[in-house]
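The next block holds one structure in the form of structure tokens; read it before the comments.
Worth knowing before you read on, the calculation uses all heavy atoms, side chains too, and leaves out hydrogens, waters and symmetry mates. Order of the sequence lines fixes the chain letters, A, B, ..., with proteins taken first and strands second; residue numbering starts at 1 for each chain.
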2 protein chains.
Amino acid sequence: MATVNPSSGVARLRVAVPAVATRVASELRLQIAEGALLPGAKLKEEALSEELGVSRNTVREAFAELASERLVVRQPNRGVFVASLEANDIHDVYVVRRAIEISAVRGGGSAESIAAVRAAVEEGKRAAEAGDSEGLGSANAHFHGALVAMAGSERLNVIMSQVLAEMRLFFHKASIDGGFYQDYLADNDQICKALEAGDNDLAAERLLAYLARSEEHQTAVHTS
Amino acid sequence: MATVNPSSGVARLRVAVPAVATRVASELRLQIAEGALLPGAKLKEEALSEELGVSRNTVREAFAELASERLVVRQPNRGVFVASLEANDIHDVYVVRRAIEISAVRGGGSAESIAAVRAAVEEGKRAAEAGDSEGLGSANAHFHGALVAMAGSERLNVIMSQVLAEMRLFFHKASIDGGFYQDYLADNDQICKALEAGDNDLAAERLLAYLARSEEHQTAVHTS
DNA sequence: TCCGGCAAAAATGTTCAACAATTCAACAAT
DNA sequence: ATTGTTGAATTGTTGAACATTTTTGCCGGA
């Protein structure tokens with residue numbers, strides 16, 4: 001396919017032709033995020049191999065990638081299943097979020113990184129006006145991702161993105177309540193305002209309250 | 001408490017035979033931690049396959065596992081190499097440590113979890129008296145692992161154990177200075193005392209100071 | 001000598017086919 | 001209803017093969 005002419009002196013821009021395994025993982029990740037693959041669903045190697053037109057070994061490598069992100073769980077000799085979060089897991093995820101997000105907010109960020117937070121807030125407002133509940137959830141994820149990005153840490157960003165991916169596992173179970181998200185929007189705006197004013201401690205305090213309410217909401221929806 | 005799964009009533013005691021790929025990953029992890037495989041070293045699939053008596057595909061699965069832990073890095077079509085941390089990475093690791101450890105310490109812990117912290121402090125003292133610098137480093141890792149374990153979060157524990165594994169990558173480069181560790185020992189003791197007294201904020205403050213000094217030390221050793 | 005390019009060699013990425021080991025489902029027997 | 005047994009389905013692992021990419025070593029020319 002990519003028949004690069006050897007004689008051309010063009011700099012080889014390594015346009016990440018994603019390895020097949022990586023692309024399979026992305027495809028599965030997408031289907032999980034969209035809810036096409038529900039928690040608890042079993043992923044059979046042979047079926048996927050056939051469906052996606054790749055070998056079993058490649059599917060296997062993709063599984064390893066997803067397992068490391070906790071999106072699927074591997075049961076030895078039984079197969080891999082889309083992760084299904086118990087109440088305990090939900091609490092655990094919020095423990096991680098508190099650690100990471102609060103730390104990032106307390107540390108503050110550059111003007112650009114705070115601008116990114118503001119952009120996510122506005123994105124949420126637009127989605128709310130358009131009645132796009134899907135977009136609202138997405139904007140909310142962007143907001144919290146932007147908060148962590150303020151720390152400028154690659155590792156923290158990776159951890160946060162995995163946490164957000166995990167949260168999508170129970171997002172489509174938690175039917176979106178418009179009024180609830182309205183509150184979140186206001187919260188996000190207040191947190192952002194505090195950051196813009198340079199009052200990181202106030203922002204952290206507000207974020208902590210938000211996370212507490214959010215956890216409460218999720219566990220309530222999940223245990224009912 | 002037990003992971004509720006419809007069909008699994010009892011945990012199988014299959015501890016005897018871990019999957020081959022998992023064992024290969026453990027073996028490599030060990031060799032990296034011990035310094036037998038130095039940062040930057042290339043891991044050739046075929047050589048390892050032959051040496052360990054497993055197939056290339058199995059080695060590949062082990063690589064995927066280690067890559068997810070950042071112990072090795074994969075360069076497409078070039079191979080996998082033992083991770084080599086730049087100054088930037090060192091800072092990044094400490095950002096994560098601050099987020100996680102401080103959060104755990106601020107949240108405090110149960111009596112047992114604090115006892116585990118105390119045990120790690122004593123372990124360090126014994127190693128110091130015995131002049132066992134290897135044991136000193138190990139005890140220090142146990143201490144910080146115990147701090148995070150106070151939060152009782154499985155995910156936080158996993159993240160911390162990976163961070164500690166990453167730190168071993170530059171530990172054997174940072175030649176151990178006995179006097180330096182003596183200071184650390186005293187710090188750990190003070191942090192533990194604060195926890196035992198229930199003064200989590202004081203413990204967090206001391207931990208923060210420790211982390212700042214530790215980061216400074218590591219970067220100094222690494223850039224020289 | 002040094003340099004660019006080119007062909008051969010080596011290593012990785014991926015596929016395919018096979019087999020052992022384990023789990024699962026159906027069914028028979030007590 | 002519980003327990004064994006059998007056979008099918010699935011996973012774990014291997015080995016070999018091939019395409020693609022990178023690396024190496026060589027060669028001729030400035």
*Sequence neighbours excluded, which residues qualify as side-chain contact (heavy atoms from CB on, under 4.5 Å) partners of A/Val80?*
A/Leu43, A/Phe63, A/Arg74
*Below 4.5 Å, heavy atoms only, C-beta onward: do A/Val148 and A/Ile159 meet side chain to side chain?*
no
*Side chain of A/Ser138, backbone of A/Glu134: donor and acceptor closer than 3.5 Å?*
no
*Got a sec? Which of residues 60-74 of chain B come in under 4.0 Å of DNA chain D, heavy atoms?*
none
_Quick one, A/Arg29 and A/Glu69 - any side-chain contact, counting heavy atoms below 4.5 Å?_
yes
*Please tell me which of A/Asn57 and B/Gly79 maps to the more 5' nucleotide of DNA chain C, matching each residue to the nucleotide holding its nearest heavy atom.*
B/Gly79
_Please confirm whether the shortest side-chain N or O distance from B/Thr58 to OP1 or OP2 of D/dG12 is below 4.0 Å._
no
*Taking the nucleotide of DNA chain D with the closest heavy atom to each, which residue, B/Ser55 or B/Asn77, is nearer the 5' end?*
B/Ser55
*asked:* Can you list everything that forms a side-chain contact (heavy atoms from CB on, under 4.5 Å) with A/Glu51? Sequence neighbours excluded, please.
replied: A/Leu48
_Check: B/Gln162/B/Glu166 side-chain N/O donor and acceptor closer than 3.5 Å_ = no
*Crowding at CD, B/Glu216 (>12 non-hydrogen neighbours, <6.0 Å)*: no
_Ranges pairing with ranges for DNA chain C, where each run has three or more Watson-Crick or G-U pairs under 3.5 Å_ = C:1-30 with D:1-30
*Within the side chain of B/Thr219, is there an N or O that forms a donor-acceptor pair under 3.5 Å with the backbone of B/Glu215?*
yes
*asked:* With salt bridge (Lys or Arg N to Asp or Glu O under 4.0 Å) as the criterion, how do A/Arg126 and A/Glu122 come out once you've worked through the C-alpha distance, each side chain's angles and the decisive distance to 0.1 Å?
replied: CA-CA 6 Å; A/Arg126 282 195 304 276; A/Glu122 301 303 325; 5.6 Å; no
*asked:* A/Tyr210: which residues meet the ring-ring contact (aromatic ring centres under 6.0 Å, His included) condition with it, sequence neighbours left out?
replied: A/His144, A/Tyr184
*Considering only C/dT15, D/dT13, C/dG13, which nucleotide approaches the side chain of B/Ala19 most closely?*
D/dT13
*Contacting residues from residues 40-53 of chain A, given that a heavy atom lies under 4.0 angstrom of DNA chain D*: A/Lys42, A/Leu43, A/Lys44, A/Glu45
*Side chains of A/Arg155 and B/Val95: closer than 4.5 Å at any heavy-atom pair?*
no
_Can you measure B/Arg56 atom CZ to D/dC18 atom P for me and round it to whole angstrom units?_
14 Å
